[in-house]
Number of protein chains: 2
Amino acid sequence: MVQEVFDAYSFVFEEELLEEISEVGTLKEFKENERIIEIGDHVTAMPLLLSGAIKILREDQDGDELLLYFLERGDTCAMTLSCCLGHTKSEIRAMAETPTKLIMIPIEKMEEWTSKYKSWRNFVFESYHSRLSEMLDTIDTIAFLNMDERLLKYLRDKAKINQNDLVQVTHQQIAYEMHTSRVVISRLLKKLELKGTIALNRNSIQVIDL
Amino acid sequence: MVQEVFDAYSFVFEEELLEEISEVGTLKEFKENERIIEIGDHVTAMPLLLSGAIKILREDQDGDELLLYFLERGDTCAMTLSCCLGHTKSEIRAMAETPTKLIMIPIEKMEEWTSKYKSWRNFVFESYHSRLSEMLDTIDTIAFLNMDERLLKYLRDKAKINQNDLVQVTHQQIAYEMHTSRVVISRLLKKLELKGTIALNRNSIQVIDL
DNA sequence: AAAGCTGTGTAACCAATGTTACTGTATAAG
DNA sequence: CTTATACAGTAACATTGGTTACACAGCTTT
């Protein structure tokens with residue numbers, strides 16, 4: 001366990017903090033598409049991502065979803081962080097996009113480390129910075145782009161996070177995450193295929209033109 | 001100056017920090033609709049809001065705007081904060097919504113205070129938390145609401161921040177900030193007026209049904 | 001092989017939003 | 001007072017995206 005923490009965070013944290021993390025953190029593993037945090041959950045620990053990728057989703061009253069962004073190795077969820085500090089409930093849903101390992105830090109340590117370790121403070125600030133940037137990007141996407149452009153961005157992001165040009169996803173799944181309908185997605189995907197940007201298969205899409 | 005800082009932040013910061021703020025901070029005043037920060041500006045100081053209100057806007061490549069959220073007394077701009085720490089350029093535009101007083105803190109002090117004052121750390125974390133919440137709210141609004149609902153929310157928020165049910169704004173101005181066209185806004189406003197939710201005048205709108 | 005389920009393709013239609021064009025009216029400038 | 005300008009109302013139309021309905025193809029189960 002110590003080794004995995006070291007691999008993912010050695011460039012960020014000092015030796016002593018890495019040790020502490022290994023001591024008090026609990027390792028957790030999630031399978032693809034397994035739920036990690038649900039909206040309304042009480043947050044009692046903060047996750048540090050060791051490997052894999054997590055997708056962060058927002059949901060409205062009617063149960064309509066929207067994909068916000070992905071987290072990767074070395075990231076933490078600033079939302080959760082935020083909830084920890086404010087002792088509030090989770091505002092988002094987190095699901096494993098790929099098989100994921102993470103280490104959970106009890107919230108009691110947060111405050112302590114924040115005053116004790118400069119590297120921890122910087123990490124927390126940096127996380128907030130990244131998350132704000134991601135949120136801005138998400139806002140740009142839904143405010144300024146049309147569906148076809150959003151779809152292309154979705155596919156590119158998905159291909160990137162999975163490190164694979166063959167995106168394993170159904171049209172229905174895309175529709176959920178982009179908060180639109182399956183028919184709309186099928187229609188636009190077909191157009192993209194005709195343009196030669198992608199190739200369509202059952203249950204997967206080959207992204208050609210990156 | 002010391003008094004104004006004290007008024008707005010005495011419940012947040014300890015005496016010693018309030019003193020330091022008064023010493024190193026520079027007081028700045030902005031008139032209504034005056035530009036405070038522009039996209040791409042290099043950020044060299046962090047603002048603490050003493051009085052008034054600021055609106056934060058995002059812009060795309062084509063110059064299309066979108067209102068993100070408002071800041072009030074006691075707030076700071078977590079975006080700017082984020083830029084300070086990351087030494088990056090501003091991602092947003094800030095404009096005075098009402099006559100505004102703020103005190104600018106040189107970024108050099110940021111790091112120092114972060115380790116020195118617990119209250120400062122908490123303030124910074126709290127600011128990030130608020131901003132993330134506002135951003136989520138913004139995303140909910142543009143992703144899940146129709147134009148008519150968004151418009152109503154816009155008017156309510158505007159009335160609230162100006163502490164006045166008579167919102168001084170033109171249809172064109174609303175269209176800019178909501179990233180749509182003037183005709184669409186005029187159309188929807190007329191519908192709302194017929195329903196008795198608002199009353200329309202030249203250059204202003206009376207919000208009736210809060 | 002037959003039945004059943006899930007995923008995809010597509011047409012036809014509808015609703016929401018965006019665009020163009022023109023009107024009138026209040027206010028400001030000359 | 002006259003002219004110019006900014007603001008607002010509205011019709012007609014275009015486009016985008018959402019809905020309904022149905023056909024069919026590829027697996028899986030029996």
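Treat the numbers as computed from the prediction; the structure is a model and nothing was measured.
Of the residues in residues 57-69 of chain A, not one comes within less than 4.0 Å of DNA chain D through any heavy atom.
The closest side-chain heavy-atom distance from B:R156 to B:L152 is below 4.5 Å. With contacts defined as side-chain heavy-atom distances shorter than 4.5 Å, the pair B:T197/B:L155 does not qualify. Between A:I208 and A:D165 the shortest side-chain heavy-atom distance does not fall below 4.5 Å.
Between A:M178 atom CE and D:dG18 atom P the separation is 9 Å, expressed in whole Å. A:H171 has its NE2 atom 15 Å from the C1' atom of D:dC24, to the nearest Å. Nucleotide C:dG9 holds its P atom 14 Å from the NZ atom of A:K191, rounded to whole Å. Rounded to a whole Å, the CD1 atom of B:I142 is 17 Å from the C1' atom of C:dA16. What separates CZ of A:R150 from P of D:dG18 is a distance of 8 Å, to the nearest Å. With rounding to whole Å, A:R202 atom CZ is found 6 Å from D:dC27 atom C1'. In this structure, the CZ atom of B:F144 is 18 Å from the C1' atom of C:dA16, given to the nearest Å. Atom P of nucleotide D:dA8 and atom CD of B:Q172 are separated by 9 Å, given to the nearest angstrom.
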* **Verdict with reasoning, B:K55 to B:E65, per salt bridge (Lys or Arg N to Asp or Glu O under 4.0 Å)** => CA-CA 12 Å; B:K55 63 182 171 196; B:E65 274 195 348; over 6 Å; no
* **salt bridge (Lys or Arg N to Asp or Glu O under 4.0 Å) between A:K28 and A:E34, worked out** => CA-CA 12 Å; A:K28 285 213 178 183; A:E34 201 176 346; over 6 Å; no
* Asked: Passes side chain to side chain contact (heavy atoms under 4.5 Å, CB included), B:K153 versus B:M178? Steps please.
  -> CA-CA 11 Å; B:K153 183 177 180 336; B:M178 287 181 58; over 6 Å; no
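In this structure, B:T180 does not reach the C:dT17 phosphate: none of its side-chain N or O atoms is under 4.0 Å from OP1 or OP2.
Comparing A:V183 and A:M147, the nucleotide of DNA chain D nearest to each residue sits closer to the 5' end for A:M147. Each of A:N203 and A:R187 was assigned the nucleotide of DNA chain C with the nearest heavy atom; the assignment lying further toward the 5' end belongs to A:N203.
Using a 4.0 Å heavy-atom criterion, one finds that B:N201 contacts the sugar-phosphate atoms exclusively.
Checked against D:dG17, D:dT10, C:dT8, the side chain of A:S186 finds its nearest nucleotide in C:dT8. Comparing C:dG18, D:dT19, D:dC7 by their nearest atom to the side chain of B:V184 picks out C:dG18. Side-chain atoms of B:S181 lie closest to C:dG18 of the nucleotides C:dT10, D:dT10, C:dG18. Comparing C:dT19, C:dG9, C:dA21 by their nearest atom to the side chain of B:R182 picks out C:dA21.
When the shell of 6.0 Å around OH of B:Y176 is examined, it contains 12 or fewer heavy atoms from other residues, nucleotides or ligands.
The aromatic rings of B:Y128 and A:F125 lie tilted to each other, with the angle between the two planes from 30° to 60°. By the 30° and 60° cut-offs, the orientation of the rings of B:F123 relative to B:F13 is perpendicular.
Defining each end axis of the helix from C:dA1-D:dT30 to C:dG30-D:dC1 as the rotation carrying four pairs' C1' atoms onto the next four, with five pairs an end, the two axes are found to diverge by 30° to 10 degrees.
Of the candidates B:N162, B:D75, B:D157, B:F70 forms a side chain to side chain contact (heavy atoms under 4.5 Å, CB included) with just one, namely B:D157.
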